[in-house]
Enquirer: 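My questions will all concern the structure given below.
All values below were derived from every heavy atom in this structure, side-chain atoms included, with hydrogens, water molecules and symmetry-related copies excluded. Just so it is clear, the structure is predicted and the values come from calculations on it, not from any experiment.
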Amino acid sequence: MSTKVRPVRFQASLLEELEQRLAATGEDLSQFVNVLVDRELHGDERHLRAVPDPIDAGALKDCAVAFRHALLARDARQARALVEDLVHRGAAVIDVYESVLADALREIGELWCLDEISVAQEHFATAVTADLLATLAPDRRLAPTSGRLAIVGGSPDELHALGARMVGDVLERAGWEVLALGAATPADALVDLVDEERPDLVALSTATVGRLPGVEQVLGRLAALDPRPVIAVGGALYTGPVVELARGWGADVIVTGLQALLPELQRRFGPEG
């Protein structure tokens, strides 16, 4: 009888701790896992949960509040544990990004704007969240399957980069090839790269009102390219009159969050995109 090999995902921090403990006692990882699986299968069946509890909007909201409180308490370990547990329980990464990470950071940004927390606290929250994105990223590093190329980054002078990172991750999970530029790519360099690479999509994230002049400049230049890419802009900033401004400057897709982006791209490019 042969043994079937299949990939099993673990929380990285737990697996590292387990391997260190087993190495210290000379135990074998495979034997350790087999014993635990056998215990779950043939022991008290009440401990075996084949189907996790569903993750609903309420659970996401509760996690966002707890995550924000952990960040404000400067408890990085607790913040990471909350998110890793939510993903372990079956939450979709796009829901975690939009309803937990982005929601918490938006609230923290507002506290900073109101001078209720320091810029150091805001930077701490951003750094912890950036580390979480790196932790969640490996399971989506697959070969592109859609045949589509996207260039993703912050709009000119926009220093907030996490929104663009989330967009890039979501697109890669959907099979896109992504060239990620990070924050604040100058307009000249961005337009030159787009003209050279000829992507299907250019997606720009903007978080602050003061960056809109740069958005206006770069969108007009991107819209004048031949071939012209689909141009998407996003962020909580794009509501009300800003939507019409962006559309007038040349944006084709205007969204405030990640959940609205993929359906719009599927409508424009088809299910494979």
Side-chain angles (χ1 to χ4, degrees), residues 94 97-98 101-102 105-106 109 123 126 129-130 133-134 137 140-141 144 146-239 241-258 260-262 264-269 273:
I94 190 171
Y97 280 4
E98 181 159 14
L101 305 187
L105 288 181
R106 186 162 46 249
H123 283 192
T126 299
T129 305
L133 292 182
R140 55 86 178 151
R141 285 176 182 156
S146 72
R148 303 291 186 185
L149 172 64
I151 291 178
V152 180
S155 55
D157 300 319
E158 179 55 68
L159 299 178
H160 295 82
L162 292 187
R165 281 187 62 181
M166 292 180 191
V167 170
D169 282 356
V170 166
L171 288 176
E172 286 193 347
R173 291 174 188 273
W176 285 68
E177 180 181 358
V178 175
L179 297 181
L181 305 185
T185 302
D188 289 343
L190 174 60
V191 173
D192 287 346
L193 180 63
V194 172
D195 191 33
E196 180 180 345
E197 291 289 342
R198 300 192 173 188
D200 301 280
L201 172 72
V202 177
L204 302 176
S205 174
T206 313
T208 47
V209 174
R211 308 312 178 197
L212 285 178
V215 175
E216 178 181 13
Q217 177 191 22
V218 78
L219 292 190
R221 295 178 61 181
L222 290 172
L225 291 176
D226 184 19
R228 180 193 189 283
V230 171
I231 304 169
V233 294
L237 178 66
Y238 289 97
T239 60
V242 179
V243 173
E244 293 306 315
L245 285 174
R247 186 171 290 115
W249 296 335
D252 305 298
V253 178
I254 306 167
V255 296
T256 57
L258 293 172
L261 179 61
L262 289 183
E264 180 62 26
L265 296 182
Q266 289 174 354
R267 185 181 72 80
R268 290 176 176 272
F269 293 105

Enquirer: CD1/I231 to CD1/I151 distance, rounded to the nearest 0.5 angstrom?
Expert: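 CD1 of I151 is found 11.5 Å from CD1 of I231.
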Enquirer: Can you tell me how far the OG1 atom of T126 sits from the NE2 atom of H160, to the nearest 0.5 Å?
Expert: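 Rounded to the nearest 0.5 Å, the OG1-NE2 separation comes out at 6.5 Å.
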Enquirer: So, do T239 and T256 sit near enough that their side-chain heavy atoms are less than 4.5 Å apart?
Expert: yes
Enquirer: The test is side chain to side chain contact (heavy atoms under 4.5 Å, CB included); show your working for L201 and R148 and say whether it passes.
Expert: CA-CA 8 Å; L201 172 72; R148 303 291 186 185; over 6 Å; no
Enquirer: Closest approach of A164 and G154, non-hydrogen atoms and distance?
Expert: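 Taking A164 first and G154 second, the nearest heavy atoms are CB-N, 4.0 Å.
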Enquirer: Given the rule in the side chain to side chain contact (heavy atoms under 4.5 Å, CB included) test, do W249 and V233 qualify, once you have shown the distances and angles that lead to the verdict?
Expert: CA-CA 11 Å; W249 296 335; V233 294; over 6 Å; no
Enquirer: A161 and G182: which non-hydrogen atoms are nearest, and at how many Å?
Expert: CB-C, 4.4 Å
Enquirer: Mind listing the closest non-hydrogen atom pair of V255 and Y238 along with its distance?
Expert: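 Result for this residue pair: O-CB, 4.2 Å.
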Enquirer: Measuring from atom CD of E264 to atom CD1 of I254, what distance do you get when rounded to the nearest 0.5 angstrom?
Expert: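 These two atoms lie 10.0 Å from each other.
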Enquirer: Closest heavy-atom contact between L105 and L162?
Expert: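 Residues L105 and L162, closest heavy atoms: CD1-CD1, 3.5 Å.
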Enquirer: Just verifying a value: how many Å separate E98 CD and L261 CG, rounded to the nearest 0.5 Å?
Expert: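 Spacing of CD (E98) from CG (L261) equals 10.0 Å.
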Enquirer: Tell me, yes or no, whether the heavy-atom count around R198 atom CZ, taken from other residues, nucleotides or ligands under 6.0 Å, exceeds 12.
Expert: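 12 or below, so no.
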Enquirer: Can you tell me how far CG of L212 sits from CG of L237, rounded to the nearest 0.5 angstrom?
Expert: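 If I round to the nearest 0.5 Å, the distance is 5.0 Å.
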Enquirer: Determine whether L133 and Y97 make a side-chain contact, defined as any pair of heavy atoms from C-beta on separated by less than 4.5 Å.
Expert: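 Answer yes - side chains close enough.
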Enquirer: What do the steps show when you test V218 against T185 for side chain to side chain contact (heavy atoms under 4.5 Å, CB included), and what is the final call?
Expert: CA-CA 10 Å; V218 78; T185 302; over 6 Å; no
Enquirer: Side-chain contact, heavy-atom cut-off 4.5 Å: V230 with D200?
Expert: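 With C-beta onward as the side chain, the pair stays apart.
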Enquirer: What are the two closest non-hydrogen atoms of A184 and L159, and how far apart are they?
Expert: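 Heavy atoms only, the tightest pair is CB-CD2, 4.1 Å.
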Enquirer: Could you check if a side-chain atom of V167 sits within less than 4.5 angstrom of a side-chain atom of V178, using non-hydrogen atoms only?
Expert: no
Enquirer: Distance check, rounded to the nearest 0.5 Å: D226 atom CG versus D195 atom CG?
Expert: 9.0 Å
Enquirer: State whether the side chain of R211 and the backbone N or O of D157 hold a donor-acceptor pair below 3.5 Å, judged by distance alone.
Expert: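 Yes; judged by distance alone, with no hydrogens or angles, the pair exists.
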Enquirer: How far apart are the C-alpha atoms of L193 and L181, what are their side-chain angles, what is the distance that settles it, and do they pass the side chain to side chain contact (heavy atoms under 4.5 Å, CB included) test?
Expert: CA-CA 10 Å; L193 180 63; L181 305 185; 3.7 Å; yes
Enquirer: Are L179 and P199 side-chain neighbours, meaning at least one heavy-atom pair lies under 4.5 Å?
Expert: no
Enquirer: Output yes when a side-chain donor or acceptor of R268 lies under 3.5 Å from a complementary backbone atom of V253, and no otherwise.
Expert: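 Pair absent, no side-chain N/O of R268 close to backbone of V253.
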Enquirer: Taking the side chain from E158 and the backbone from T208, do they hold a donor-acceptor pair closer than 3.5 Å?
Expert: yes
Enquirer: Specify the closest pair of heavy atoms between R106 and A236, including all atoms of both residues, with the distance to one decimal.
Expert: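 For R106 versus A236, the nearest heavy atoms are CD-CB, 4.1 Å.
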